[in-house]
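Data block below; observations after.
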Amino acid sequence: MSTDQGQLTGRGLDGFYRVGRRMLSRCQIRVAGREPLAVQARMTGADRARFVGTLRSSPQAGPDPDVVVERTRHADGTERITLHSAAARPLRLPVEVALGTDLADLGAIASGTAGPELPATVHDCGLRWSSAKGSSAVTADPPPADALASAGLLRWEFVLPPGGSATIELRVRTDGAGPVRAVGRAATSPLAPARAAGDDPGVEALLRTSLEDLQALLLRDPAHPSDIHLAAGAPWRCGLAPAEALAAARMTLPLGTRLAAGTLRTLARTQLRGQGQQSGMIPAPMRDAGTHLPPGCTGTEATLLFPALLAEARRWGLPEPETEELLPAAERCLTWLRTSVGDGTYLPDPQPGGPVRCETQAHAHRAALLGADLLDAFGRPGGAELRHWAGALRRVFRADFWIDDLGGGRPAAARAPDGRLVPHLGAAAVHLLDTGLLGGGEQAPGLLDRVQTEQLARLLGGPAMDSGWGLRGLGVKEAGHNPFGHRSGAVRVHETALAVAGLATADYEKEASALLRGVLAAAAVFGHRLPDMYAGERRTDGSAPLPHPAACHPAATAAAAAVVLLTTLAGIRPDAPAGTVTLRPVRSAPLGEIVLTGLRVAGAPFSVRVSRLGLAMVEEAADGLQLRA
């Protein structure tokens, strides 16, 4: 992590990190006693950046720089520094690299309690630091001419002929460990190399960079190296976050089912067993829920996402033996759901005295219907009971969670323990539209009736929620709205993508198209590499979305959201066990013609074209896969 100046200064988040610890906080270059003037910084991939600076070798050389300093930095802990000379005479250039670290963990850095830099020692062509927290070292190639531990300095002196260059390579590592290698660099990717093309030039770049981000965030379960899942995002959440990993795997099902299978197997091994109240739950941390509700339990979300992902992965082509292998873990999730509901109707908050959340009921309803579908397919009991409970939930939810007002009403965000409705309108309501995929290309029923769905679509498409760059986390008219609030006003890309897909599926194409165009316009500003969130300020002529200082970038759910945004245009609804696929394209074709190639359905490449008239045509598919009207 660094600013666009390229120098790692030791301030803020600057540094190289490994497993949540800062291995190097300072890496500052001086050439001929001066810092290069920064002229460009840009990401050249999800895991690498290039910084270019210039300087004049002599004050008498005129206004034109004659030395270019190029720094290419990789997330594996490698930095290559190259000096290029454009001078007409040989140049003698002394180079100094000042290094330092505090070996602080990310939490201490975020809270401003990182502590001072540690003393260095000369070690193996570089410098080394150690403390009770661990150790770190930087090695250099070529070895420096001089290494000063007391000042944390490495020095070289290069003589560059006219047009010549010299390169220094720095490597950051812990003792006894080589550079980190991303899973994507060392293994066959679980993600299909899909491509997008069409009238809108942004779709190609968005899908390409999103795939790069997903590839860079892949992690391997060390104990089971064949199982790969996604890290939540950098810099804050570089490890496994169960709810985010499952959500991202679900959104990337059009790229194949291998990531879903690896994620499900990894999380099945964490599932709680025994006879207690939490038996069957997938443990995960609490998550801030904004200004109106206490923190929510992502373990609840993950436990409900598990059977839904397994059921939908089977529809996209997860082989029956792999599905059956994971079925016991899904059954335990569903048993936990029924046990937690008990004799009631609603799934309660796991915290005593917590609210009954609208979002949680949507997750639970989807898990019950898709889980029942899964149980029936393998002749397992329990499907009828789950459907009966889901039907009862629909009936009471439509009355208990709907607030009538002069504007047409709105869904409540939650019900307090005393029965009081929490009325604020936020992006969590989009989960009511995300009902899930059943057999035959059919969407599962939702918790809202048709009139309520129409009103929710109107609210999500209105100026209070649609910022012009995507969906705000909390409406602008709600108390506590903050355009930078990560649950109270910022645009979260994941929820915007779910809104686009849900609105399009429910035939509210105008609202879906507006949100789609907004987030694609924001993506262009971010170089088509979407962060997980950005400020929810209103879009105006000549404005640009404001970055959020605490956003993950790259982020798994944001990168996966791009897959949902583009495949929604084709409306692909597969049923691999039945050998069919249904297309329900967005008829208004908001981006003009779009062609998606290299997707995967039923384990084989799948390509589809949507015309400017909103007509979809399959151009490549598995042998025997039938197009269903």
Side-chain angles (χ1 to χ4, degrees), residues 189-196 207 210-211 213-215 217-218 227-230 243-267 302 304-320 322-323 326 330 363 366-367 370-371 373-374 377 434-444 494 497-498 500-502 504-505 556-584 596-608 618 621-622 625:
S189 175
L191 303 168
R195 293 290 181 267
L207 186 57
S210 295
L211 283 171
D213 284 0
L214 291 167
Q215 191 77 8
L217 290 168
L218 292 173
D227 291 340
I228 295 173
H229 58 273
L230 286 166
E244 283 77 4
L246 288 165
R250 182 177 176 231
M251 290 191 288
T252 57
L253 285 173
L255 305 178
T257 60
R258 287 183 55 206
L259 178 61
T263 303
L264 290 165
R265 283 193 291 265
T266 298
L267 290 175
L304 297 172
L305 271 170
F306 191 103
L309 173 58
L310 181 60
E312 290 188 327
R314 177 174 175 263
R315 295 294 172 196
W316 280 90
L318 184 67
E320 298 290 275
E322 288 189 68
T323 305
L326 287 160
H363 291 316
R366 181 181 61 223
L370 272 62
D373 200 45
L374 194 61
D434 181 19
T435 61
L437 180 65
L438 294 175
E442 295 298 321
Q443 293 292 126
H494 172 205
L498 292 182
V500 170
T505 298
T557 53
V563 180
V564 172
L565 290 169
L566 297 180
T567 56
T568 290
L569 295 170
I572 307 166
R573 302 183 190 177
D575 187 350
T580 65
V581 62
T582 304
L583 299 181
R584 292 287 186 269
L596 301 170
T597 59
L599 304 175
R600 294 192 76 80
V601 173
F606 185 85
S607 300
V608 61
V618 174
L625 188 67

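A quick note: this is a predicted structure, and the numbers were derived from the prediction, not measured.
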Q) Where is the tightest heavy-atom contact between Ala248 and Ala560, given as atom of each residue plus distance? A) O-CB, 3.7 Å
Q. Gln443 side chain to Leu438 main-chain N or O, any donor-acceptor pair under 3.5 Å?
A. no
Q: List in chain and number order the residues that pass ring-ring contact (aromatic ring centres under 6.0 Å, His included) with His363, two or more places apart in sequence or in another chain; answer none if no residue qualifies.
A: His431
Q.
Can a side-chain donor-acceptor contact be found between Thr557 and Glu244 if the only test is distance below 3.5 angstrom?
A. no
Q | Nearest heavy atoms of Ala249 and Ala260, plus distance in Å | A | CB-CA, 4.0 Å
Q.
Give me the atom names and distance for the closest heavy-atom approach of Arg584 to Thr582.
A. NH1-CG2, 3.2 Å
Q) Taking Arg258 for the side chain and Ser189 for the main chain, is one N or O donor matched with an acceptor at less than 3.5 Å? A) yes
Q) Looking only at atom types and distance, does a side-chain atom of Arg573 sit under 3.5 Å from a main-chain N or O of Gly441, one as donor and one as acceptor? A) yes
(Q) So which atom in Ala330 and which in Phe306 form the shortest heavy-atom distance, rounded to 0.1 Å? (A) N-CE2, 3.7 Å
**Q.** Nearest atoms (heavy-atom pairs only) where Arg315 meets Leu437
**A.** CB-CD2, 4.0 Å
Q | Full working for salt bridge (Lys or Arg N to Asp or Glu O under 4.0 Å) between Glu322 and Arg314 | A | CA-CA 9 Å; Glu322 288 189 68; Arg314 177 174 175 263; over 6 Å; no
Q: Check whether any side-chain N or O of Arg366 sits under 3.5 Å from a backbone N or O of Asp434 as a donor-acceptor pair, and report yes or no.
A: yes
Q. Which atom pair, heavy atoms only, marks the closest approach of Leu211 to Pro193?
A. CD1-C, 4.5 Å
Q | Any donor-acceptor N/O pair, Asp227 side chain to Gly262 backbone, under 3.5 Å | A | no
